[in-house]
**Q** 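I'd like to ask some things about the structure below.
Quantities reported herein were computed from a predicted structural model and do not represent experimental measurements. These values consider heavy atoms only, across backbone and side chains, with no hydrogens, waters or symmetry-generated copies. Here is how names work: the chains are called A, B, and so on, in the same order as the sequence lines, proteins then strands, and each is numbered from 1.
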Number of protein chains: 2
Amino acid sequence: MLSIKFLWEIMTAKENGEMFTQLTLEIFKLSGMLNNEGDELTKEFGLTSSRWKILGASEMSESRHTVPQIARTMGQSRQAVQRLVDVMTKDGLLNLVDNPNHKRAKYVELTPKARKIFYKLFDKQIPWAEHCSEGLSHKELETTLKVITMISNKLSKE
Amino acid sequence: MLSIKFLWEIMTAKENGEMFTQLTLEIFKLSGMLNNEGDELTKEFGLTSSRWKILGASEMSESRHTVPQIARTMGQSRQAVQRLVDVMTKDGLLNLVDNPNHKRAKYVELTPKARKIFYKLFDKQIPWAEHCSEGLSHKELETTLKVITMISNKLSKE
DNA sequence: ATTTAATTGACAACATGTTGTCGCAATACT
DNA sequence: AGTATTGCGACAACATGTTGTCAATTAAAT
């Protein structure tokens with residue numbers, strides 16, 4: 001039975017699929033640009049986008065996290081985060097503190113030096129983010145965030 | 001003069017800025033995931049996400065493009081694209097053909113082998129994209145694509 | 001309790017992104 | 001026309017992402 005409704009669903013799926021493909025390309029593009037922006041913003045503190053994200057993931061959560069936990073939050077491999085954490089520990093930005101629940105997986109903690117930098121960056125990032133979102137309505141941003149998050153969640157469940 | 005309207009604009013800017021920051025993190029996450037998805041999809045053809053994108057940028061445009069042109073389309077550095085193109089040329093996927101308008105910058109062209117792979121991938125990608133966009137309305141996807149593109153354009157103009 | 005499976009850190013190999021430099025080619029300016 | 005700037009290919013150095021392996025730890029299953 002080929003009802004009108006069923007045909008419509010097929011058409012919509014096709015149109016959505018094409019738009020999704022386009023969206024994918026734009027996300028790759030924007031991701032690279034935002035990475036470069038982050039590198040610029042953090043340059044004066046001797047940081048990069050990736051290291052800034054590690055600081056954020058460690059500092060902005062309520063409880064302390066291990067390396068694999070940070071990796072899962074960021075949707076990245078354990079090893080990528082591990083290497084960054086190792087370097088940043090050597091640079092005096094992070095401390096690895098004992099985890100009573102696990103002999104190997106230690107907690108990642110910001111040093112006072114890193115915390116100072118992080119909150120300076122926080123202040124510096126606010127006007128930048130406001131500028132970037134100029135011309136976009138609250139509603140549009142909300143929808144975009146929702147859609148991106150939904151896709152992300154969908155892909156991570158498979 | 002602090003009108004109500006002006007105060008509202010400040011508040012919206014602040015909320016938008018915070019949402020933009022959140023969006024940035026989700027875009028980083030999704031970009032990485034989509035990259036992995038692309039690697040999976042292309043694996044059977046001996047390709048990767050990045051090389052697939054080069055094929056798409058070269059094949060899906062009306063006119064032929066040089067390496068720097070492809071780079072600008074993808075929002076990437078000339079050198080990153082150049083290296084991929086060099087490897088893919090060596091692998092028999094691309095040909096560099098003479099450009100009458102420029103002695104150095106040649107045109108990038110797909111070989112028949114690459115074209116065959118590309119259109120197989122095209123077919124393979126359609127149901128994948130339709131699956132990924134399930135549960136999202138046309139309107140939502142449209143808004144998302146528009147917002148992502150607007151941000152991308154804004155950043156590239158600075 | 002013992003066996004089995006999943007998680008973790010360390011290390012390596014590799015893919016792909018960036019910036020930077022160099023010499024040549026194309027363009028713009030005066 | 002002549003000069004200055006910009007664009008391009010070829011390298012190189014480096015940052016950061018992936019996968020894969022190994023041994024040790026933790027968690028789960030029986």
Side-chain angles (χ1 to χ4, degrees), chain A residues 27-43 46-55 57 65-72 74-91 93-94 96-108 155, chain B residues 27-43 46-55 57 65-72 74-91 93-94 96-108 155:
Chain A
I27 284 175
F28 284 141
K29 193 171 176 177
L30 181 54
S31 174
M33 286 176 167
L34 289 171
N35 221 354
N36 296 346
E37 291 281 322
D39 285 345
E40 277 303 317
L41 279 168
T42 56
K43 189 182 268 177
L47 288 181
T48 60
S49 275
S50 307
R51 299 176 188 206
W52 185 17
K53 282 192 284 179
I54 299 286
L55 293 185
H65 285 319
T66 65
V67 164
Q69 285 170 336
I70 294 174
R72 283 189 289 266
M74 293 170 60
Q76 271 183 351
S77 76
R78 178 170 55 89
Q79 291 87 334
V81 174
Q82 184 76 58
R83 184 172 41 194
L84 284 168
V85 167
D86 288 344
V87 175
M88 293 170 74
T89 302
K90 204 170 279 176
D91 288 350
L93 293 168
L94 299 176
L96 295 171
V97 306
D98 276 345
N99 176 356
N101 302 114
H102 202 296
K103 278 188 185 174
R104 311 190 80 191
K106 307 200 170 184
Y107 286 129
V108 176
L155 288 179
Chain B
I27 284 176
F28 284 142
K29 193 172 176 176
L30 181 55
S31 175
M33 286 176 166
L34 289 172
N35 222 354
N36 296 346
E37 292 281 320
D39 286 346
E40 277 302 316
L41 279 169
T42 57
K43 190 183 269 177
L47 288 182
T48 59
S49 275
S50 307
R51 298 174 190 208
W52 185 17
K53 282 192 285 178
I54 299 287
L55 293 186
H65 283 320
T66 64
V67 164
Q69 284 170 335
I70 295 174
R72 283 189 288 267
M74 294 171 58
Q76 272 183 352
S77 75
R78 179 170 55 91
Q79 292 86 335
V81 174
Q82 184 76 58
R83 185 171 43 193
L84 284 168
V85 167
D86 287 345
V87 175
M88 294 170 74
T89 302
K90 207 171 278 177
D91 289 350
L93 293 168
L94 299 176
L96 296 171
V97 307
D98 275 346
N99 177 355
N101 303 116
H102 202 296
K103 277 188 186 175
R104 312 189 80 189
K106 306 199 171 186
Y107 287 130
V108 176
L155 288 179

**Q** Which residue, A:P68 or A:K43, contacts DNA chain C at a nucleotide closer to its 5' end, judged by nearest heavy atom?
**A** A:P68
**Q** Nucleotide range of DNA chain C contacted by chain A, 5' to 3', under 4.0 Å to a heavy atom?
**A** C:dT8 to C:dT18
**Q** Mapping B:V67 and B:G32 onto DNA chain D by nearest heavy atom, which one lands closer to the 5' end?
**A**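 Counting from the 5' end, the first nearest nucleotide belongs to B:V67.
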**Q** Supply the atom-to-atom distance A:I27 CD1 to B:K29 NZ, rounded to the nearest 0.5 angstrom.
**A** 13.5 Å
**Q** Applying a 4.0 Å non-hydrogen cut-off, can you work out what B:N35 is touching in the nucleic acid: base, sugar-phosphate, or nothing?
**A**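 Answer is nothing: B:N35 stays at 4.0 Å or more from every strand.
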**Q** Looking for any heavy atom pair under 4.0 Å, which part of the strands does A:S77 touch: base, sugar-phosphate only, or nothing?
**A**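 Touches a base.
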**Q** Report the distance from atom CZ of A:R78 to atom C1' of D:dA23, rounded to the nearest whole Å.
**A**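 It works out to 12 Å between those atoms.
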**Q** Rounded to whole Å, please give me the gap between NE2 in A:H102 and P in D:dT25.
**A**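 Distance, rounded to whole Å: 10 Å.
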**Q** Could you tell me whether B:A80 contacts a base, only the sugar-phosphate backbone, or nothing, with contacts defined as non-hydrogen atoms closer than 4.0 Å?
**A**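 Result for B:A80 = base.
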**Q** Heavy atoms under 4.0 Å, any strand shown: does A:N36 hit a base, just sugar-phosphate, or nothing?
**A**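 The residue A:N36 makes sugar-phosphate contact but no base contact.
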**Q** Tell me the interatomic distance from A:N99, atom CG, to D:dT25, atom P, rounded to whole angstroms.
**A** 15 Å
**Q** Kindly give the heavy-atom pair with the smallest separation between A:V108 and A:T66, and that separation in Å.
**A**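 Where A:V108 meets A:T66 most closely, the heavy atoms are CG2-C, 4.4 Å.
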**Q** For A:D98 and A:K106, what are the C-alpha separation, side-chain angles and deciding distance, and is it a side chain to side chain contact (heavy atoms under 4.5 Å, CB included)?
**A** CA-CA 5 Å; A:D98 276 345; A:K106 307 200 170 184; 3.4 Å; yes
**Q** Reading DNA chain C from 5' onward, which residue's closest nucleotide shows up sooner: A:D86 or A:E40?
**A**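 Whichever sits nearer the 5' end wins; that is A:D86.
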**Q** I need the CD1-P distance between B:I70 and D:dG7, as an integer number of Å.
**A** 18 Å
**Q** Just verifying a value: how many Å separate B:Y107 OH and B:Q69 CD, rounded to the nearest 0.5 Å?
**A**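 Here the interatomic distance stands at 7.0 Å.
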**Q** Tell me the interatomic distance from A:Q79, atom CD, to D:dG20, atom C1', rounded to whole angstroms.
**A** 9 Å
**Q** Nearest heavy-atom pair of B:S49 and B:T42: which atoms, and what distance?
**A** N-OG1, 4.0 Å
**Q** Side chains of B:Q82 and B:D86: is there a donor and an acceptor less than 3.5 Å apart?
**A**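 Distance-only check passes for B:Q82 and B:D86.
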**Q** Once you round to the nearest 0.5 Å, how far does OG1 of A:T48 lie from CG of A:N35?
**A** 8.0 Å
